[in-house]
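Quick caveat: nothing in here was measured; it's all calculated off a predicted structure. A note on names: the letters A, B, ... follow the listed sequences, proteins ahead of strands, and every chain is numbered from 1.
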Amino acid sequence: MAQRVPTDPKLLEAAARLADLELSPERIAQLVPAMDGFYALLDALHRGEPGETPPAIAFRAQWTER
Amino acid sequence: MADVLDLSLREVAAELRARRISPVELAERSLAKIKADEPRYVAYARLTEERAMAAARQAEREIMAGQWRGELHGVPVAVKDLYDVAGLPTTCSSRVRHDHRATADSACVERLSQAGAVIVGMTHTHEFAYGIATPTTGNPWNVEHIPGGSSGGSGATLAARGCFMAMGTDTGGSIRIPAALCGTAGLKPTYGRVSRAGIASLSWSLDHAGPLARTVGDCAVTLGALAGYDARDPGSADVPVADYTVELEQGVKGLRIGVPTNFFFEHVEPEVERNTREAIARLKAEGAELVDVEIPMPELIASVEFGLCMPEASAYHRTMIRERAELYEPDVRTFLEAGLLVPAVDYIAALRLRTVMQAAWRTMFDGLDAIIGPAVAAVATRRDQASVTWADGTEEAASSVFIRLSAPANVTGLPSVSVPSGFGRGGLPTGFQVIGRPFGEARILRIARAYERTADWSTKQPSR
């Protein structure tokens, strides 16, 4: 698996824009150090191969009493 | 008589039922104690004095007329400032929600009221339940230390004997962490066992509602009043409610308890490990059979926990973080903004791994009644302490230290009760947890009670 590009202010600003989140330069500077830690945690989710495993979703089509 | 505020919920319920104490007098004593302690501990977002005294007067009339509703009748309790209480603010201990007023009781508050409980106040939470420290509040065992979180106000008021039960929520450990750090019992039921209708959400996939209380029996009684299907909560489980007290005193002879050989005892303070292993040894002496188990996929537990929690929390806060960002505390604001940048495929990967993890834990539980490990890895840190340095030189963020061992029961949805196990570094409380099968609350409470009977930690309290 390719190594994730470390987060930098430009990358974070672009990601925030895509997420429709307006972040000031000061706020971006504060977030950058945290993001690599978060992404490292999330990258671990893709290390194995889940095969046909479905997601654990609770939606039930049956209508319940109001 | 010992000070009535030192009694457990079940003990004070017996006094109320026998009319040896009035609910009105008890509520007044509770509120007076809370007010005397509040300058030191700051456990409460607000007191609900008017509602409490009205409920206490009603309880007095009913008990005098022989209409006893059960062991919560007339008992002063508190709820976390996430639970809607009709007509009152539910601020989630946040300036963001300073203007939020509940129009109806949450399901748990409804059920507590139906049981005749007297709600004396709403306890502080780490802002929006998104943390382990509850920075507003001091630990009654040492106010320079955190009470844990996010249900830190509930843990603190119980330790300080302000009330007899305090509701919490648990998304990554937020009932069990303050229970362990404040020296109380704390029960996170099975996912879906207790309705979350009317509780501000942190993460719909991981949120659980449950009690902190002085004793295991107090948790059992409270669960009996709260448990049950509620169509208003999409995660609510339509599973019959058990009597959680009926097997409490049956002991552990013949029960099989798993003891982890990995994960639960790694990077744990020596006193925490010692006290947990002593508890396990006592259960063996009481007749339990111990079985070594290996926790599956330990390296992925935190990833699944945060992979679910971060995007769900940010989805809940999507509007507020855009309109009121500067009103959030810095740590919560960071999590929420970061959560908006989590790709959907990461969230779905977490959901898929949750399915795999659930199956792996089911296999591990084959032939077992429960597994036991420390509830948290360390005693309460100082309020200004951001990290813990382990003996091998590894530095770990405080948030990770306290969530690490509690997250498995959130990811798997399995019931877990935290029980006081003694004291550790600095004379601060330690706790261990008993994790059970789905809807196996009666069994884990029985195991926890069997240990509790061998020790007197539940009677210990901070010096006044």
Chain B contact via A:L31 - which portion, at a heavy-atom distance below 4.5 Å: side chain
Which answer fits B:S236, side chain, backbone, both or neither, if we ask what part of it has an atom under 4.5 Å from a heavy atom of chain A? backbone
Could you name the residues of residues 32-42 of chain A that have a heavy atom within less than 4.5 Å of a heavy atom in chain B? A:A34, A:M35, A:F38, A:Y39, A:L41, A:L42
Keeping B:R352 on the side-chain end and A:G51 on the backbone end, is there a donor-acceptor pair under 3.5 Å? yes
Keeping the roles fixed (side chain from B:T190, backbone from B:L414), state whether a donor-acceptor pair exists under 3.5 Å. no
Most contact-rich option vs chain A, by heavy-atom pairs under 4.5 angstrom, among B:E299, B:R354, B:R322, is B:R322
Strictly distance-based, threshold 3.5 Å: is any side-chain N or O of B:R232 a donor or acceptor partner for the main-chain N or O of B:A197? no
If we define contacts as heavy-atom pairs under 4.5 Å, which of B:T334, B:L340, B:V342 has the most with chain A? B:T334
Among B:V356, B:L341, B:L353, single out the residue with the greatest number of heavy-atom pairs under 4.5 Å to chain A. B:L341
Structural part of A:L23 lying under 4.5 Å from a heavy atom of chain B: side chain
Should the ring pair B:Y328 and B:F128 be called parallel, tilted or perpendicular, given that the plane angle runs from 0 to 90° and is split at 30 and 60? tilted
Could you tell me which non-hydrogen atom of A:A44 sits nearest to which non-hydrogen atom of B:L300, and how far apart they are? O-CD2, 3.4 Å
Closer than 3.5 angstrom, by distance alone: can the side chain of B:N410 be matched with the main-chain N or O of B:T171 as a donor-acceptor pair? yes
Pick from B:R318, B:R333, B:E305, B:Q358: which one has the most heavy-atom pairs with chain A under 4.5 Å? B:R333
Does atom CD (A:E22) have a neighbourhood of more than 12 heavy atoms from anything else shown, all under 6.0 Å? no
B:E127 side chain to B:E329 backbone, donor-acceptor under 3.5 Å: yes
Check whether any side-chain N or O of B:R111 sits under 3.5 Å from a backbone N or O of B:A227 as a donor-acceptor pair, and report yes or no. yes
Students often mix this up, so state it plainly: with edges at 30° and 60°, are the rings of B:W390 and B:H267 parallel, tilted or perpendicular? parallel
Mind ranking B:A338, B:G307, B:A302 by heavy-atom pairs under 4.5 Å with chain A and telling me who comes out on top? B:A338
